[in-house]
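Here is the structure we will look at.
The sequence lines fix the lettering, A, B, ..., with proteins before strands; numbering per chain opens at 1. Since the model is a prediction, treat every value here as computed from it, not as a measurement.
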Amino acid sequence: MMRLSAHEQFRILSDGVADIIPEEEFFAKLEHSVKTDTPLRVKLGCDPSRPDLHIGHAVVLEKLRQFQQLGHQVIFIIGDFTAMIGDPSGRSKVRPALTLDETQINARTYLEQVGIVLDVSQAEIRHNSEWLARLTFADVIRLASQVTVSQMLERDDFHQRFDGEQPIALHEFLYPLAQGVDSVHVCADVEIGGTDQRFNFLLARELQKHAGQQPQAIVLMPLLEGTDGVQKMSKSLGNYIALLDPPREMFGKVMSIPDELIVRYYRYAAFASADEAHAMEEQLRNGSLHPRDAKAYVAERLVARYHGEDAARHAREEFDRMFRQKELPDQIETIELAIAAPVPLVEVLVAAGLVPSKSEARRLIAGGGVYVEAQRINDLHARIERAGEYILKVGKRRFARVRVQ
RNA sequence: GGGCGGGUUCCAGAGCGGUCAAAUGGGGCAGACUGUAAAUCUGCUGGCGUUAUGCCUUCGGAGGUUCGAAUCCUUCCCCGCCCA
């Protein structure tokens, strides 16, 4: 692997980041790395309780890939210990603590997905139960003594919950500490994550200093907004594009982002260069590029990144066919129903899984969103009169071919 | 330990004896429009339905008062704030 100069590396690695803290230290670490021919140890922590990765995670992973290509050592820390204890966020009351088996299964799917972006075989993979499970209560107290409550309350989400009279469980203060211990344990030179990790990463620096180590440099990547355009992309908000989403789904989800987000997605989801992103921004502003076309281009590029050029082109064609020309998708699942004609349409819709309840089916019919064989149905009591195959359409996106006995 | 305020439908948050399946906002879904699963506007948003001012389940849990309770009482559980 070619060793680039520290300057060159810095230029590459700082492209697209939200923040590097502190920059000089980061640069000094690169210089030292080049001089001594020692790769930097770059840490990424992951939470195996939610193994579904999305393109927001990919922003970080892509940066990590650059580190890897420059010859640095990536260290994944699977947070199995913390996952076994349970709920780190305090938001969801019902996040059950995972068993060891579950965390292992999750960790595996996690790494498989990471492998879509990075070379996992070159990474060092550690489980934090390895060292955290061994801490004694005395160790934990000693750790906790290194941070004050008001320091903890500086963290934005704690601060907000405190002000909003929302509960903060004591153990939540311990999670940032645990993360910091991870950094100490693996002797991280650099830690990378989303901007929401700033506080935790800074705390790790303190713990490293206490432990007599050089504190890690921090590389923060922007948090990508979800497809709703408002909140950060997350699984629980349902506004995410999963790395494992099929091409059609990926394409469609990109098309559903608000127009204001196009350039951001181009840059951080489709990994366009800063120059390319500026060019698109300009074209959108002066009207030489239609937002729809810009979005379709971004969508195609994104799909190509994960599924290849052919799949991307195909997804685009199908999107045009379905939504611009309002035709059928090229593949519709056929569902065999165990019910015999004549049968009320609402029952068929439920049986086909197109709709969760008959009431919902009736509402959709009343609202004009149900089609049988391309005919809009207005009658709540419509029935499928005879056996055979029917193409059902609910709204714009839900299709099924059903066979009625 | 003392005082106070809370727990409501996916979320936030009204309601405080019938007119409550429960205001409003968000989210979601659908329709119209559109070169977009964008924006905007409109409708819907517990289940079942022979579609009837119908039936069933829901307002932290369990009892009770009442012709009738999300609304009142008892008790239990949970959360927040202040004081100690």
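Pairing of B:C48, defined by two Watson-Crick or G-U wobble distances under 3.5 Å, is identified with B:G54. Across all strands shown, B:A38 remains unpaired; no Watson-Crick or G-U wobble contact has both distances below 3.5 Å. Nucleotide B:G1 is matched to B:C83 when pairs are restricted to Watson-Crick or G-U wobble geometry with both distances under 3.5 angstrom. For B:G25, the paired base is B:C11 (Watson-Crick or G-U wobble, both distances below 3.5 Å).
A perpendicular orientation is assigned to the rings of A:His72 and A:Phe67, their planes being inclined by more than 60° (bins at 30° and 60°).
Contacts of A:Gly252 with the nucleic acid, taken as non-hydrogen atoms under 4.0 Å apart, include base atoms. Among the protein residues, A:Asp228 comes within range of no part of the nucleic acid, since none of its heavy atoms lies under 4.0 Å from any strand. The residue A:Ser359 sits close to a base: some heavy atom pair falls under 4.0 Å. Using a 4.0 Å heavy-atom distance criterion, A:Phe319 is classed as a base contact. A:Ile262 comes within 4.0 angstrom of nothing in the nucleic acid, heavy atoms only. A:Arg363 comes within 4.0 angstrom of the backbone, heavy atoms only, and of no base.
Distances shown here put a side-chain N or O of A:Lys358 below 4.0 Å from the OP1 or OP2 atom of B:G49. For the pair A:Ser256 and B:A38, the criterion of a side-chain N or O lying under 4.0 Å from OP1 or OP2 is not met. Within the 4.0 Å cut-off from OP1 or OP2 of B:A32, at least one side-chain nitrogen or oxygen of A:Arg376 is found.
Of the possible donor and acceptor atoms, one in the side chain of A:Gln213 sits under 3.5 Å from a partner among the backbone N and O of A:Val184. With hydrogens and angles disregarded, no donor-acceptor distance shorter than 3.5 Å links the side chain of A:Gln405 to the backbone of A:Ala387. Remark: the backbone N or O of A:Thr148 is paired with a side-chain donor or acceptor of A:Gln151 at under 3.5 angstrom. The main-chain N or O of A:Asn128 is found under 3.5 Å from a side-chain atom of A:Asp80 such that the two form a donor-acceptor pair.
Separation of the P atoms belonging to B:A30 and B:G47 is 16 Å when rounded to the nearest angstrom. For the P atom pair drawn from B:C4 and B:U75, the interatomic distance equals 15 Å after rounding to whole Å. The same atom, C1', is picked in B:U58 and in B:G43; the two are 25 Å apart, to the nearest Å. Comparing B:A70 with B:U65, their P atoms sit 16 Å apart, to the nearest whole Å. B:G25 and B:G64 are spaced 37 Å apart, taking the C1' atom of each and rounding to whole Å. Remark: the separation of the P atoms in B:U40 and B:C73 is 46 Å, to the nearest Å. Spacing of P atoms, B:G15 relative to B:C72, comes out at 12 Å, to the nearest Å. Using C1' as the reference atom, B:U8 and B:A23 are 12 Å apart when rounded to the nearest Å.
Mapped onto RNA chain B by nearest heavy atom, A:Arg362 and A:Ile257 fall at different nucleotides, with A:Ile257 at the one closer to the 5' end. Nucleotides of RNA chain B nearest to A:His290 and A:Leu237 differ in position, and the one nearer the 5' end is that of A:Leu237.
B:U36 atom P lies 17 Å from atom CD of A:Glu260, rounded to whole Å. Atom-to-atom, CD of A:Gln166 to C1' of B:C78 comes out at 14 Å; the value is rounded to the nearest Å. Following rounding to the nearest Å, A:Lys253 (NZ) and B:A38 (C1') show an atom-to-atom distance of 17 Å. If you take CZ of A:Arg398 and P of B:A37, they are 15 Å apart, rounded to a whole angstrom. Counting to the nearest Å, the P atom of B:A38 and the CD atom of A:Glu225 are 17 Å from each other. Rounded to whole Å, the distance from NZ on A:Lys393 to C1' on B:A37 is 12 Å. Between A:Arg292 atom CZ and B:A37 atom P there is a gap of 9 Å when expressed in whole angstrom units. Look at CD on A:Glu347: it is 10 Å from P on B:U50, rounded to the nearest Å.
Distance from the side chain of A:Leu364 is smallest for B:C29 among the nucleotides B:U36, B:C29, B:C33. Distance from the side chain of A:Pro258 is smallest to B:A38 among B:C29, B:U50, B:A38. When distances run from any side-chain atom of A:Asp293 to the nucleotides B:G35, B:G47, B:C29, the shortest one goes to B:G35. Out of B:C48, B:C81, B:A30, the shortest distance to the side chain of A:Phe162 is found at B:C81. Taking only side-chain atoms of A:Tyr371, from C-beta outward, the nucleotide of B:U34, B:G31, B:C79 with the closest atom is B:G31.
Taking the centre of each ring, A:Phe158 and A:Phe173 come in below the 6.0 Å mark. Ring centroids of A:Phe323 and A:Phe319 are separated by less than 6.0 Å, placing the two rings close together.
In the interface, the side chain of A:Lys295 is not paired with the base of B:U34 through any donor and acceptor atom under 3.5 Å apart. In terms of polar N and O atoms assigned as donor or acceptor, the side chain of A:Asp259 comes within less than 3.5 Å of the base of B:U36 in a complementary pairing.
A:Glu318 and A:Pro329 make their closest contact through OE2-CB, 3.2 Å (heavy atoms, listed as atom of the first residue, atom of the second, distance).
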